[in-house]
Amino acid sequence: MAETKEGSGSEMSLKDQGNEFFKSGKYLKAAALYTQAIKLDPSNPTLYSNRAAALLQLDKLNKALDDAEMTIKLKPQWEKGYFRKGSILEAMKRYDDALASFQIALQYNPQSQEVSKKIKKINQLVKDSKRAQEVENMRSNVDMAKHLDTFKTEMSGKYGSEECLKDLFSFLVETMETAVKSWHETSSVDAKVYFLLDKEKTDTDKYAPVVNIDKAFESPHTHGNCFAFLRQYAEESFSKAACLVTPKNIIAYPQVWKGQGSRKWKHAQSDGFFVQFESPSLRKLWFIPSSNEKGQTWCRDPEVLDIGAHEVLPRLFKEKQPRS
């Protein structure tokens, strides 16, 4: 009987020492003392629970989970084992499994504020995780063609040739998708005009398909000069269409949203960029707003603007009627 009491005293001493080390943040020493105590009393669920907590702090999650499972096995109606398991699964970002463990813990101790707070936290983490995944999916799966389907129908009424329609629409989609991907990677796009050159007529040694226009929006003077240059460039290069991409934040002139009112321009506070499509038969303007969510910058769906009220550049091509 004396040996049993002595052994019990030794075990308690090791556990208490482990607790003191745990309180002072010395988790490795705490775990070592709990291990020694377990050797003396391998069926004590408290020791496994304590060691699980120390191993969790040491980020030894698989070993910690084993101890939590052993705690539950030894004392299946004790909420602490499920609480430990839930905390470890939370650290593993296995939020659904963690929530299930915390809910079992609450069943065995409905008054536990600690468990209730964990459940509330995990529910929010699950929601945040799902939203973060949705945002990442939207960032990774850029498909502008589906957003431009209505415009494609509008284009088909202007261009009789199916091949011409296909070239123009592909040109626009590719330009917009490139801009969106750039924005996702750097939160910016370069101010450029992309030209759809005529493969048969354009002198490609003289005319490039992309023109930088980063200085175009500094003043009415630079804006006017840039427009005159681009209009001449479009004509002399025999371009079929052009597509302007420019970030809103570099535009000092013209600030096409100024004085328009929220009914005409609802993106006064939004970051983002403009895309303006130009062709002899059709013009279109979009603003692609941007937001930051869950630590990720992403582009929202393009919104059509009234090009008469908000044009970033005047008409680049001489207007002509579509061919039948």
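Not measured: the values here are computed from a predicted model. Just so it is clear, the values below take in all heavy atoms, side chains as well, and ignore hydrogens, waters and symmetry mates.
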*Asks:* How long is the span from the CG atom in L106 to the CD1 atom in I104, to the nearest 0.5 Å?
*Replies:* 11.0 Å
*Asks:* Between H267 and I288 (side chain of the first, backbone of the second, donor and acceptor by atom type, cut-off under 3.5 Å), is there such a pair?
*Replies:* no
*Asks:* Please find the pair of heavy atoms, one from Y48 and one from D67, that lie closest to each other, and give the distance.
*Replies:* O-CB, 3.5 Å
*Asks:* What's the verdict on side-chain hydrogen bond (donor to acceptor under 3.5 Å, both in side chains) for T186 and S188, showing C-alpha distance, side-chain angles and the deciding distance?
*Replies:* CA-CA 5 Å; T186 66; S188 183; 5.1 Å; no
*Asks:* Given I119 and L99, is the side-chain contact (heavy atoms from CB on, under 4.5 Å) satisfied, shown in steps?
*Replies:* CA-CA 6 Å; I119 289 175; L99 185 60; 3.9 Å; yes
*Asks:* Group every Ile, Leu, Val, Met, Phe, Trp and Tyr by side-chain heavy-atom contacts under 4.5 Å, then state whether M176 and L282 land in the same group.
*Replies:* yes
*Asks:* Measuring from K215:NZ to H221:NE2, what's the distance to the nearest 0.5 Å?
*Replies:* 14.0 Å
*Asks:* For the atom pair NE2 (H223) and CG (L313), what is the distance rounded to the nearest 0.5 Å?
*Replies:* 4.5 Å
*Asks:* Report yes if some heavy atom in the side chain of E235 is under 4.5 Å from a heavy atom in the side chain of K318; otherwise report no.
*Replies:* yes
*Asks:* Is there a side-chain contact between L230 and E278 (heavy atoms, below 4.5 Å)?
*Replies:* no
*Asks:* Using the side chain to side chain contact (heavy atoms under 4.5 Å, CB included) definition, which of the options D301, L305, L148 pairs with W286?
*Replies:* L148
*Asks:* Is there a side-chain contact (heavy atoms from CB on, under 4.5 Å) between E311 and V256 once you walk through the steps?
*Replies:* CA-CA 7 Å; E311 67 177 10; V256 296; 5.9 Å; no
*Asks:* Quick check on Q232: does its CD atom have over 12 non-hydrogen neighbours (other residues, nucleotides or ligands) under 6.0 Å away?
*Replies:* no
*Asks:* Without swapping roles, check the side chain of D190 against the backbone of K192 for a donor-acceptor pair under 3.5 Å.
*Replies:* no
*Asks:* Any chance you could measure S239, atom OG, to L196, atom CG, to the nearest 0.5 Å?
*Replies:* 7.5 Å
*Asks:* State whether the side chain of Y194 and the backbone N or O of L172 hold a donor-acceptor pair below 3.5 Å, judged by distance alone.
*Replies:* no
*Asks:* Does a side-chain heavy-atom distance below 4.5 Å link W183 with D271?
*Replies:* yes
*Asks:* Minimum heavy-atom separation for A309 to Q260, with atom names?
*Replies:* O-NE2, 3.5 Å
*Asks:* Is there a chain of hydrophobic side chains (I, L, V, M, F, W, Y, each step under 4.5 Å between heavy atoms) that links L40 to L33?
*Replies:* yes
*Asks:* Compile the donor-acceptor pairs under 3.5 Å between side chains in residues 80-88 and protein atoms, sequence neighbours left out, one pair per line.
*Replies:*
residue	atom	partner	partner atom	Å
Y82	OH	P76	O	2.7
R84	NE	S49	O	3.0
R84	NE	S49	OG	3.0
K85	NZ	E69	OE2	3.2
S87	OG	F83	O	3.0

*Asks:* May I ask whether L47 and L28 are part of the same hydrophobic cluster, defined by side-chain heavy atoms of I, L, V, M, F, W, Y residues being less than 4.5 angstrom apart, directly or through others?
*Replies:* no
*Asks:* Okay, side chain of Q36, backbone of L14: is any donor-acceptor separation there less than 3.5 Å?
*Replies:* no
*Asks:* I'd like to know if K206 pairs up with D203 as an ion pair, taking the criterion as any Lys NZ or Arg NE/NH1/NH2 lying under 4.0 Å from an Asp or Glu carboxylate oxygen.
*Replies:* no
*Asks:* If you apply the rule ring-ring contact (aromatic ring centres under 6.0 Å, His included), what do you find for F195 with Y233, and how did you get there?
*Replies:* CA-CA 9 Å; F195 290 93; Y233 194 96; 4.9 Å; yes
*Asks:* Are Y207 and F317 connected in the hydrophobic side-chain network, where two residues link if heavy atoms are under 4.5 Å apart?
*Replies:* yes
*Asks:* Report yes if the distance between the aromatic ring centroids of Y27 and F21 is under 6.0 Å, otherwise no.
*Replies:* no
*Asks:* Judged by atom type as modelled, is there a donor-acceptor pair below 3.5 Å linking the side chain of T178 to the main-chain atoms of E174?
*Replies:* yes
*Asks:* For I307 and R283, work out which heavy atoms get closest and say how close.
*Replies:* CD1-CB, 3.7 Å
*Asks:* With rounding to the nearest 0.5 angstrom, report the CH2 to CG distance, W298 to N292.
*Replies:* 11.0 Å
*Asks:* Between T222 and Y253, is the side-chain contact (heavy atoms from CB on, under 4.5 Å) condition met? List the steps.
*Replies:* CA-CA 9 Å; T222 57; Y253 175 87; over 6 Å; no
*Asks:* With side chains defined as the heavy atoms from C-beta onward, is the minimum distance between K181 and H184 less than 4.5 Å?
*Replies:* no
*Asks:* Walk me through it: do L61 and L56 pass the test side-chain contact (heavy atoms from CB on, under 4.5 Å)?
*Replies:* CA-CA 6 Å; L61 301 182; L56 172 59; 3.6 Å; yes
*Asks:* Are the side chain of T175 and the backbone N or O of F171 linked by a donor-acceptor pair below 3.5 Å?
*Replies:* yes
*Asks:* Are side-chain heavy atoms of E177 and D143 found at a separation under 4.5 Å?
*Replies:* yes
*Asks:* Looking at every heavy atom in both S290 and T297, which two are closest together, and how far apart are they?
*Replies:* OG-CG2, 3.6 Å
*Asks:* T246 and F217: which non-hydrogen atoms are nearest, and at how many Å?
*Replies:* OG1-CE1, 3.4 Å
*Asks:* Could you check whether any side-chain heavy atom of L244 comes within less than 4.5 Å of a side-chain heavy atom of F274, counting everything from C-beta outward?
*Replies:* no
*Asks:* Determine, stepwise, if the pair F22 / Y34 fulfils ring-ring contact (aromatic ring centres under 6.0 Å, His included).
*Replies:* CA-CA 10 Å; F22 187 94; Y34 295 140; 7.2 Å; no
*Asks:* Are V304 and K284 side-chain neighbours, meaning at least one heavy-atom pair lies under 4.5 Å?
*Replies:* yes
*Asks:* Can you name the nearest heavy-atom pair linking A145 to F169, along with the distance?
*Replies:* O-CZ, 4.0 Å
*Asks:* So does D214 get a backbone contact from the side chain of N212, meaning a donor-acceptor N/O pair under 3.5 Å?
*Replies:* no
*Asks:* Using the ring-ring contact (aromatic ring centres under 6.0 Å, His included) definition, which of the options F273, W257, W265 pairs with F287?
*Replies:* W265
*Asks:* Taking N109's backbone N and O only, do any of them form a donor-acceptor pair with E79's side chain (distance below 3.5 Å, no angle check)?
*Replies:* no
*Asks:* Are L125 and V115 grouped together when hydrophobic residues (ILVMFWY) are joined by side-chain heavy atoms under 4.5 angstrom apart?
*Replies:* yes
*Asks:* Determine, step by step, whether Y95 and N123 satisfy the side-chain hydrogen bond (donor to acceptor under 3.5 Å, both in side chains) criterion, reporting the C-alpha distance in whole Å, the side-chain angles of both residues, the deciding distance to 0.1 Å, and the verdict.
*Replies:* CA-CA 8 Å; Y95 298 132; N123 276 323; over 6 Å; no
*Asks:* Is there side-chain contact between D16 and E20, with heavy atoms separated by less than 4.5 Å?
*Replies:* no
*Asks:* Would you give the length of the straight line joining atom NZ of K152 to atom CD of E154, rounded to the nearest 0.5 angstrom?
*Replies:* 14.0 Å
*Asks:* Are any side-chain N or O atoms of K29 and backbone N or O atoms of Q17, one a donor and one an acceptor, separated by less than 3.5 Å?
*Replies:* no
